[in-house]
Amino acid sequence: MDRVSELQGQLLSPSGQQKLNEITELFELCESEDLRVVVAALSAIGKVLAHHRHLAIDSKDMPKEGLLELAQWLKRQEEALRQLLLQLAASGEAKAQLGAVRLTTSLMKDEAREISASKMSGSELARHFGLLPPEQRLQEILSELLLGPRWHSQVVDCISSECLSVYADLRHFTLSNLRSCAEQAGKALTKPVCDPNPDGWRMGEAGHSKASIFYGADEYLAELQKKYERDHEIAALKLAQPDEGDPHAPSSMAKSKEKILSVEKNDQNRSLKTGRLFPIPNKPDPMPQNLAFLFTKITPEQMVYMWNVLTAIFVVQCLMILTYCASLATFPEHYWTCTLLFGAPFAYICIQQIYIDHDVMHGVTFPPYEFQKFLTHPFSDFFSLPWEEFVLEHARHHASTVDLLMQGEFGWDPEEFHYALQQWAGPMGPNWYKYLLTVPWIPVIHFFGLNDTGALFAVEWWLSFPEEGGGGKCNREFWSKWFPRRVKHNAFVLFMWTCVWLLGTWPLGRPLSEGWRFVLPVTCSARVGFSLAWMFITNFTHSLPWNKFLANDPGRTWPLLHNLMALAVGGKHRWNEMLFHDVHHAFPNALGTLSQRGRFHGWKKVHDASVEVLYRGLWKENGDEETEMQKQQKKRSLLMKQSQGQ
């Protein structure tokens with residue numbers, strides 16, 4: 001308790017702004033086993049944030065960039081505080097729930113006084129600092145209480161006597177939210193069972209979601225938080241991205257200071273490479289009803305469903321290989337017919353696998369079951385990155401490359417070599433002949449594994465990650481975490497290819513030494529599929545010719561081409577990812593992928609919403625000169641908006 005008071009005093013002192021990072025110790029104290037310490041720490045955090053919001057609003061000396069960074073920092077801490085209060089409410093312990101209710105009520109009163117005294121309106125405070133309207137705060141806390149494992153009579157008495165009987169507006173908000181709370185509680189409630197605890201009663205265990213044949217959706221969400229704590233590197237890199245973090249990661253996760261896990265910018269928040277300010281996404285605020293679905297967290301049921309789809313794709317791949325073996329054994333005289341009938345569909349299913357990989361890494365980073373992470377890309381090459389490092393290097397790409405045409409603007413991008421091949425010589429028009437030297441090599445390097453799921457790419461990444469420890473020592477987590485993962489993943493990959501080798505021997509009447517004759521068509525078919533998928537995602541979407549082509553609204557002028565390309569990548573919901581990759585890069589966490597959203601909301605609804613987001617502008621204006629990509633976006637959004645109105 002004394003330490004909480006001491007930290008609060010330091011952070012509220014005149015020099016408190018120089019000590020803001022010490023708030024992390026207050027958050028650490030929230031993990032204490034002593035509930036009194038937890039409540040005191042949470043109360044102190046609320047007071048510190050309110051104090052520094054007031055200083056930020058009244059500040060006249062701080063530069064604009066500094067104020068923006070401070071506001072973003074305060075917004076993140078406010079979200080972390082809110083999540084901790086909701087965890088208390090959901091704990092099932094009477095004293096913890098009482099603390100959550102009283103702290104929330106106190107915060108609402110303090111914030112009401114803050115709004116009354118502030119130069120800003122309540123909506124402006126919400127936009128800049130993340131303050132929630134009181135009715136939303138109350139709805140969240142009541143929802144957690146109702147959905148928690150226990151419902152205590154003391155909590156009901158506290159809400160009634162200390163909140164509802166005292167404040168008329170809280171009574172109004174409670175009545176307004178009862179229906180919503182009851183609907184959410186009904187989803188979790190099966191049937192009440194007796195509880196020997198005299199303080200309350202326990203809800204029945206929530207059953208498995210219909211979306212999952214293995215796993216309960218609520219269980220999965222809880223496990224997801226734990227996995228982010230272990231893989232803090234992934235959480236740190238997602239926090240470094242423009243929209244600052246996966247909404248399913250713990251709110252208390254902090255940005256990393258390691259070079260490869262952070263963006264490279266100077267003290268003025270500008271790129272060391274281009275001098276541009278790190279852009280802030282222009283997320284619609286207030287959120288229009290027709291766009292809300294695009295930025296809503298995907299549900300646990302949807303998460304589990306996507307991993308089930310990915311698992312099904314792996315099963316289909318295995319069945320296709322077995323069928324190919326059986327067809328060769330049955331019709332040995334029709335080798336090329338059997339091979340072509342296997343190869344083209346197998347390449348196609350590999351394209352689908354990469355798109356679903358991309359979907360889950362942006363919305364459902366960790367699988368419900370550990371074995372599923374081995375199924376994401378075992379046939380892509382003879383060795384490759386394990387799933388966690390696959391996610392990590394892709395997160396590095398998003399943190400470094402914000403503008404599609406300015407690769408590695410905010411640090412090293414693992415895919416920079418690809419971009420160099422397609423734009424090293426400047427504008428395509430006068431330099432077209434120079435690109436004849438390098439562009440033809442792009443499919444070749446993809447085929448031989450220089451892409452996110454290939455062997456050459458794995459070597460490139462392993463030469464850079466993890467970073468060495470202090471004094472040139474080995475990274476402290478290399479042997480305990482990264483090395484075992486690499487061994488396990490590639491042992492599984494080797495096992496799968498060994499099975500393929502063996503299928504090409506005795507079932508086909510060949511000696512063991514000739515297994516390669518079956519491996520070769522399987523790996524070539526897979527490599528064609530993976531190469532095409534990565535060329536679409538990596539090369540096309542990040543090229544100037546493609547984005548100039550899109551700027552002329554080819555969906556209207558080239559409808560047949562669009563329909564054929566949509567078919568090639570697996571449907572129009574996937575094709576949206578090619579059309580609006582810039583929207584994806586602006587909101588890699590808040591929105592995820594366009595194909596993922598299209599899976600649950602339909603491609604047309606996602607397409608039209610993406611046009612609207614593009615039309616509003618992807619980035620907040622900050623005084624920097626417009627980039628080439630922004631100019632193309634502006635031209636394109638106007639044309640698409642006009643064609644929508646026709």
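All values below come from the heavy atoms of this structure, side chains included, with hydrogens, waters and symmetry mates left out. None of the values given here were measured: they were computed from a predicted structure.
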### Working for salt bridge (Lys or Arg N to Asp or Glu O under 4.0 Å), residues Glu264 and Lys273
CA-CA 9 Å; Glu264 293 182 16; Lys273 183 175 181 179; over 6 Å; no
Does a sphere of radius 6.0 Å around [atom1] in [X] hold more than 12 heavy atoms from other residues, nucleotides or ligands, not counting ones at 6.0 Å or beyond?
X	atom1	answer
Arg476	CZ	no
Tyr335	OH	yes
Trp412	CH2	yes
Trp462	CH2	yes

I'd like to know if the side chain of [X] pairs up with that of [Y] as donor and acceptor (distance under 3.5 Å, no hydrogens or angles considered).
X	Y	answer
Gln317	Gln353	yes
Arg527	Ser531	no
Tyr419	Glu415	yes
Trp534	Thr453	yes
His489	Ser384	yes
Asp582	Gln633	yes

Got [X] and [Y] here, is their nearest side-chain heavy-atom distance under 4.5 Å?
X	Y	result
Asn576	Leu579	yes
Phe530	Phe447	no
Lys548	Gln632	yes
Phe580	Leu594	yes
His607	Trp575	no
Val569	Met565	no
Phe492	Val487	no
Pro588	Asp243	yes

Checking [X] side chain against [Y] main chain: does a donor-acceptor pair fall under 3.5 Å?
X	Y	value
Ser525	Pro521	yes
Asn547	Ser543	yes
Arg270	Gly275	yes
Arg636	Asn552	no
Asn269	Leu277	no
Asn490	Phe383	no
Asn475	Glu467	yes
His584	Gly592	yes
Gln423	Leu544	no
Gln630	Thr627	yes

### Query
Do the rings of Phe314 and Phe379 sit parallel, tilted or perpendicular, given the 30° and 60° boundaries?
parallel
### Query
How are the rings of Tyr324 and Phe342 set relative to one another: parallel (under 30°), tilted (30 to 60°) or perpendicular (over 60°)?
parallel
### Task
Apply the test side chain to side chain donor-acceptor pair (under 3.5 Å) to residues His394 and Glu389: give CA-CA distance (whole Å), side-chain angles for both, the deciding distance (0.1 Å), then the verdict.
CA-CA 8 Å; His394 193 71; Glu389 289 188 81; over 6 Å; no
With a 6.0 Å cut-off on ring centres, are [X] and [Y] close enough?
X	Y	answer
Phe540	His581	no
Phe518	Trp501	no
Trp482	Phe478	no
His377	Phe390	yes
Phe293	Phe600	no
His573	His601	no

For a quick test of reading the model, state the closest non-hydrogen atom pair linking [X] to [Y] and the distance between them.
X	Y	result
Val391	Thr365	CG1-CG2, 3.6 Å
Ser595	Asp359	OG-OD1, 2.5 Å
Leu375	Phe371	CG-O, 3.6 Å
Ala240	Val263	O-CG1, 3.4 Å
Ile260	Leu237	O-CD2, 3.7 Å
Trp497	Pro378	NE1-O, 3.4 Å

### Identified side chain to side chain donor-acceptor pair (under 3.5 Å) partner of His397 from the options Glu416, His585, Gln241
His585
### Task
Let me know which of His398, Lys238, Gln596 forms a side chain to side chain donor-acceptor pair (under 3.5 Å) with His362.
His398
### Query
Run the salt bridge (Lys or Arg N to Asp or Glu O under 4.0 Å) check on Arg485 and Asp231 step by step: do they pass?
CA-CA 12 Å; Arg485 283 178 174 176; Asp231 281 285; 2.6 Å; yes
[X] side, atom [atom1]; [Y] side, atom [atom2] - distance, nearest 0.5 Å:
X	Y	atom1	atom2	value
Ile442	Asn539	CD1	CG	4.5 Å
Asn266	Ser271	CG	OG	8.5 Å
Thr323	Leu328	OG1	CG	11.0 Å

### Message
Under the rule for side-chain contact (heavy atoms from CB on, under 4.5 Å), what residues qualify as partners of Thr376, not counting sequence neighbours?
### Response
Trp307, Leu310, Asp357, Trp387
### Message
Using the ring pair (Phe, Tyr, Trp, His ring centres under 6.0 Å) criterion, which residues pair with Phe587? Sequence neighbours excluded.
### Response
Phe295
#### Entry: Geometric cation-pi criterion, Lys265 with Phe278: 6.0 Å, 45°
yes
Do NZ/NE/NH1/NH2 and the carboxylate oxygens of [X] and [Y] come within less than 4.0 Å?
X	Y	answer
Glu409	Arg276	yes
Glu388	Arg230	no
Glu393	Arg396	no

#### Entry: Listed partners of Lys283 passing salt bridge (Lys or Arg N to Asp or Glu O under 4.0 Å), at least two apart
none
### Query
Are Arg574 and Glu577 close enough, and set up right, to give a salt bridge (Lys or Arg N to Asp or Glu O under 4.0 Å), and what steps lead you there?
CA-CA 6 Å; Arg574 296 250 170 91; Glu577 195 64 42; over 6 Å; no
